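Read through the structure below, which is laid out as structure tokens, and then see the notes.
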Amino acid sequence: IIGGKDAPPGSFPWQAMTIISGRAGGALLGDRWILTAAHTVFPKGQSESEETQTLEQVAEKAEIFLGHTVVTELFKLGNRPVRRLFVHPDYNPNDEHNFDGDIALIELRDPVTLGPDVLPVCLPDPGNSSFYVPGWMGYASGFGVEKNILANKLKYAPIPVASQVMCQDWLQGKKINRRDPVFTANMFCAGSPNEGKDTCQGDSGGALTVRDPVTQRWVATGIVSWGIGCGKGYGFYTKVINYLDWVKGIVGKD
Amino acid sequence: SMPTSKKLYGEVKSPNYPKPYPDNNITTWDISVPKGFRVKLNFWQFDLEPSEACQYDYVKITADKQDLGRYCGQADSITGNHPRGKEFLSTGNHMQLLFHSDFSNEENGVVVFYKGFLAYYQAIDLDECVKGNDIEDGPRCQHFCHNYVGGYFCSCQPGYRLQSDLHTCRVDCSNELFTEPSGYLSSPGYPQSYPAELQCNYSIRVEKGMTITLKFLEPFEIDDHPQVRCPYDQLKIQAGQKTIGEFCGTVPPRNIETNSSSVDILFLTDESGLSRGWKIWYSTERIRCPQPVPNDDSTIIKAPQPIYRYQDYFIVTCKTGYNLMEADEKLASFTSVCQDDGTWHRPMPRCEIVNCDTPRILKNGDFDYVSQKKNNNYQSVVRYRCNEPYYHLVTNTGSDTYTCSPQGSWKDQNGEEEIPACLPVCGLPDSPILEIQR
């Protein structure tokens, strides 16, 4: 998290740390699901030998942590074993320029007991896309890098939703491995090249949340997905509202 | 003298018959027939010298020491006494004939030859039972006489037994058995005085499960003493193994309900007395069982009867919310039958309140007792709740309250057994971030 603050205990109780192919984030849904980015499960740009891992194999090696804002204390609480992994079928780990479908679900083997430090985030109402209006203030949280240093505490930063047009313009001329990055309708951008508040490596998979002014509930509108550099431009987020059917199809009654 | 053997019939004829009989002859015949018979004699031929008063030749007949007549003459003779077709009947089984001829048979100097007589006799049955027919040996029957050809036998009135002399009757009440559902029994000769030295034993035996009731009729008279109870004659009554009592006097005892299917009545009399005795009407009915009484307020006896008798039964159920129990076993139903000994084949069961056990644990929640009684018995009420604010209660039918049902399970207001669930509450952290600096 760039330009953020330490998250007080219990302020982002849905925040998960996932260690699959490196440190990443996630958000608790219900009492046994973790919403995260697909690329934290199957990173892009892997060599051929690493791509052959199955979901079952990844699930077995995945480590999930919940319940604290201090990393060392988080680890002490213990890993939450994973039962299954679900990666969106649109996600293509081989296409480094296109993060479309960058969404995944992790099912924990055992339900977690909710409390002040472990609480799920809400999903958006499918009929209400107001949270994606530019200027809507969202909050990103994560254990990711700041100033090239991996955080030892959970941080957060207020990051407003940005104009899609402006983000598209900003992307003009920028390359990812000499190719134009793809900004799809299943994504949205937030932040600003000037504000200095952004997400960064290690924050992927974490939720960008907004507080519903009516219900006062925190809603996960986006998943930290990709960007070019950290803190000097826009960040790009998976648009959760577009994947509600897929999520509900997997999570079911939960 | 010519005795005849005891045949049933025979012939008697004068000497030389049919040739003229000799003079100066006296011949006797002693006719005997078997005992039980009488002698009947007829003359088929009779031709003797007639004389005045049969003083010359004659036949004299006697039987049973009685003279049955002196006969002589011919059928058409003016003098004499011709028997003609007369039948001579003895009372006993003997008859004697005597033939007498004098020294000559002359009439006006002419010798007349007379043929003599030919008689037949037969044995006819003696009806020993007719009064007047003397029986040589032994008394007449004391009660009933039954004649048959050649003999007779005696019998006795009911309640009497023929003695070894085959003539006298003595009261026989030593082993009287009554098996009908009802009937009368009485002292011998009732209401006449009962005989002395009696040892009468009357037994009433009816089907098991029936009880005998004794009702004493009037008159009731058994020899008694004002100071000493029943010293002379006694009427003892026993029902099964139980002794009912010993009775005498002139006041009939009250009706006795024996509660037994077996009653013995012993009547003992001494050597004297003129009391008229007793008479009992006995009846039977099915034995009674004790009135069933519920053990508790929750027990219901279906369609209770005022009286229960042998082969009756009763059915027990419990009020709603109670289980029918027999020892530690829960019963689906209960029936008890009144047995032939007046006891119930099963004792009254009890009703225990239904217990639903502890309500199911609600994960991430708990329950509280709402009802006054905080046990798990029938009609106890609990309300589920969740560990708020992290979980919220989601019910199946809108009810979070469960009542212990009569079926022994916890059910909500809609009769559903499934308990609610505690689901996570999303997006409401205890300590959301609070931006102060603007």
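Labels below follow one simple rule: chain letters A, B, ... track the order of the sequence lines, proteins then strands, and each chain is numbered from 1. These numbers come from a predicted model, not from an experiment.
- A side-chain donor-acceptor contact under 3.5 Å links B:Arg205 and B:Ser262.
- Of the atoms belonging to A:Val121, it is backbone heavy atoms, and not side-chain ones, that fall under 4.5 Å from chain B.
- In this structure, A:His88 has its ring center under 6.0 Å from that of A:Tyr243.
- Note that CG of A:Asn152 is 7.5 Å distant from NZ of A:Lys155, once rounded to the nearest 0.5 Å.
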Verdict with supporting geometry, B:Lys411 and B:Glu416, salt bridge (Lys or Arg N to Asp or Glu O under 4.0 Å): CA-CA 5 Å; B:Lys411 292 185 179 177; B:Glu416 297 294 327; over 6 Å; no

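- The greatest number of non-hydrogen atom pairs below 4.5 Å with chain B, out of A:Pro8, A:Pro13, A:Gly115, is found for A:Gly115.
- Each of A:Tyr237, A:Trp136, A:Phe188 was compared with A:Thr221 under the side-chain contact (heavy atoms from CB on, under 4.5 Å) criterion, and only A:Phe188 meets it.
- Ring pair B:Tyr369/B:Phe367: centre-to-centre distance below 6.0 Å.
- Residue contact with chain B, scored on non-hydrogen atoms closer than 4.5 Å, involves the backbone and the side chain of A:Pro116 alike.
- For a residue to count as touching a neighbouring chain, one of its non-hydrogen atoms must lie under 4.5 Å from one of that chain's; by this rule A:Val112 touches chain B with the backbone only.
- Interface residue A:Pro158: only side-chain heavy atoms are found under 4.5 Å from chain B.
- For B:Lys208 and B:Asp341, the salt-bridge test fails: no basic side-chain N is under 4.0 Å from an acidic carboxylate O.
- Residues of residues 375-407 of chain B that come within less than 4.5 angstrom of chain A, heavy atom to heavy atom, are B:Tyr390, B:Tyr391 in numerical order.
- For B:Tyr313, the OH atom counts as loosely surrounded, since its 6.0 Å shell holds 12 or fewer non-hydrogen atoms of other residues, nucleotides or ligands.
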